[in-house]
Chemist: 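The following block contains the structure, expressed as structure tokens.
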Amino acid sequence: MTAAFDALMTITHRPETVFLRGEGSWLFDSEGRRYLDFVQGWAVNCLGHCPEPLVRALAEQAATLISCSPAFYNAPMVRLAEALTTASGLERSFFANSGAEANEAAIKLARKWGGLRRGGAHEIVTFEQGFHGRTLATMSASGKAGWERLFEPKVPGFPKVPLGDLGAVEAAIGPETAAVMLEPIQGEAGVVPAGDGFLRELRALTEQKGVLLILDEIQTGMGRTGSLFHYQQLGFRPDILTLGKGLGGGVPLAALLAREAVCCFEPGDQGGTFNGNPLMTAAGLAVLEAVSAPGFLEQVRETGARLSAGLERLSARHGFGAVRGRGLLLALELGRPVGPALVAAAFERGLLINAPRPGCLRFMPALTVSPAEVDEMLRGLDEACGALA
Ligand SMILES: *Cc1c(COP(=O)(O)O)cnc(C)c1O
């Protein structure tokens, strides 16, 4: 099989395994091995692998209308826009095909708004260790370690401040500032919460200064932290919100939502060939309906509490550090750089987990993961830790 892999550019180190099939929390490879999946396509498959409502929505829509050009309205696009604006309290939406593209659109919207409403302001204050995607502008907005000198020159206009430091944000906001942009919980940094208090203070500060607040909820949105959107736990609305990952339940779909007063795109400013296509937006509708069903989010919070408590016990047994995060976006601080070795040992035991940094593990199972599967993952991880020691 190895030679066949050479036709792909090496963009990451992958195990020499080919996955063929998925079902719920389980993945099956070409050798017939099964894996308990706590990565789920990078927090993407919020309903697990090949969930029935998503499969049905895709099959029905594929047989009805796949694409009809972004120059026309289509039925799922209109319905999903209506459902998301109702759920979020933000009046308008724009669909994209990846999180980075949604954030790129958010940056453009904020820059245009700054140009029109704030005397040409174009800067967006962003945060150290933040992650917003892999286009040049979203890389520039990110504060990911190791990216400082990659693909230079970067796009200018993204001053960085430390997360949680309100004074630093205030000092960074000037006449050139159009917006402040952040993840409510930094996902790729290792599930680092901005802190609910900090987020509320930041909302007040941005309002007082007359600049926009952009929340990147690509990882935290769609039920991941126990509410449909994380900001609903904070009691305020952002000006601009981006969604991705879980929104499509496994297919490429992302969205930009914004308050009416901020929406200043004019025809021709923004677009994209596949944006808002009926096949993907039909998938989004199926996901949104499932996540909004009575009891769904309550179950996310309960399963999250079970996973969190189990990780605390495991941490105490093996001398690791704190458990961070909320709902089913959790991380275990290891206190030593054994993350990659643990991920490999877990893989050997048929368990998929992720180490976003060498010193921590991240858990982002399907939101539909069962308590028994959580317990099974904890047992497998415990074994992997034992094998490593
Ligand atoms: C994954 C992620 C992105 C980028 O999304 P892509 O679909 O990979 O482009 C942006 N922001 C956050 C917070 C993410 O977790």
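Indexing begins at 1, ligand by ligand and atom by atom, following the structure's order. Residue numbers count from 1 along this sequence.
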Chemist: Any chance you could measure Phe320, atom CZ, to Leu311, atom CG, to the nearest 0.5 Å?
Modeler: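 Separation between the atoms: 10.5 Å.
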Chemist: Can you list every pair where an N/O of ligand 1 is under 3.5 Å from an N/O on the protein?
Modeler:
unit_1	atom_1	unit_2	atom_2	d
ligand 1	7 (O)	Gly99	N	2.8
ligand 1	9 (O)	Gly99	N	3.3
ligand 1	9 (O)	Ala100	N	2.7
ligand 1	11 (N)	Phe131	O	3.3
ligand 1	11 (N)	Asp216	OD1	3.4
ligand 1	11 (N)	Asp216	OD2	2.7
ligand 1	15 (O)	Gln219	NE2	2.7
ligand 1	15 (O)	Lys245	NZ	2.6

Chemist: Hey, quick one: are Leu352 and Leu36 part of the same hydrophobic cluster, counting side-chain heavy atoms closer than 4.5 Å, chains of contacts allowed?
Modeler: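 Different clusters: Leu352 never reaches Leu36 through Ile, Leu, Val, Met, Phe, Trp or Tyr contacts under 4.5 Å.
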Chemist: With side chain to side chain donor-acceptor pair (under 3.5 Å) as the rule and sequence neighbours excluded, what pairs involving residues 358-370 come up?
Modeler: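 Side chain to side chain donor-acceptor pair (under 3.5 Å) check on residues 358-370 returns Glu188-Arg362, Gln219-Arg362, Asn354-Arg362, Ser370-Glu373.
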Chemist: Using only atom types and a distance under 3.5 Å, with no angle test, would you say the side chain of Asp216 pairs donor to acceptor with the backbone of Glu183?
Modeler: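 It does not hold such a pair.
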Chemist: For the hydrophobic clusters of this structure (ILVMFWY residues joined by side-chain heavy atoms under 4.5 Å, transitively), does one cluster hold both Val78 and Leu80?
Modeler: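 Yes, one cluster joins them.
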Chemist: Has Arg326 got a side-chain atom pairing as donor or acceptor with Pro193's backbone, closer than 3.5 angstrom?
Modeler: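 Flag not set: sc Arg326 to bb Pro193 has no pair under 3.5 Å.
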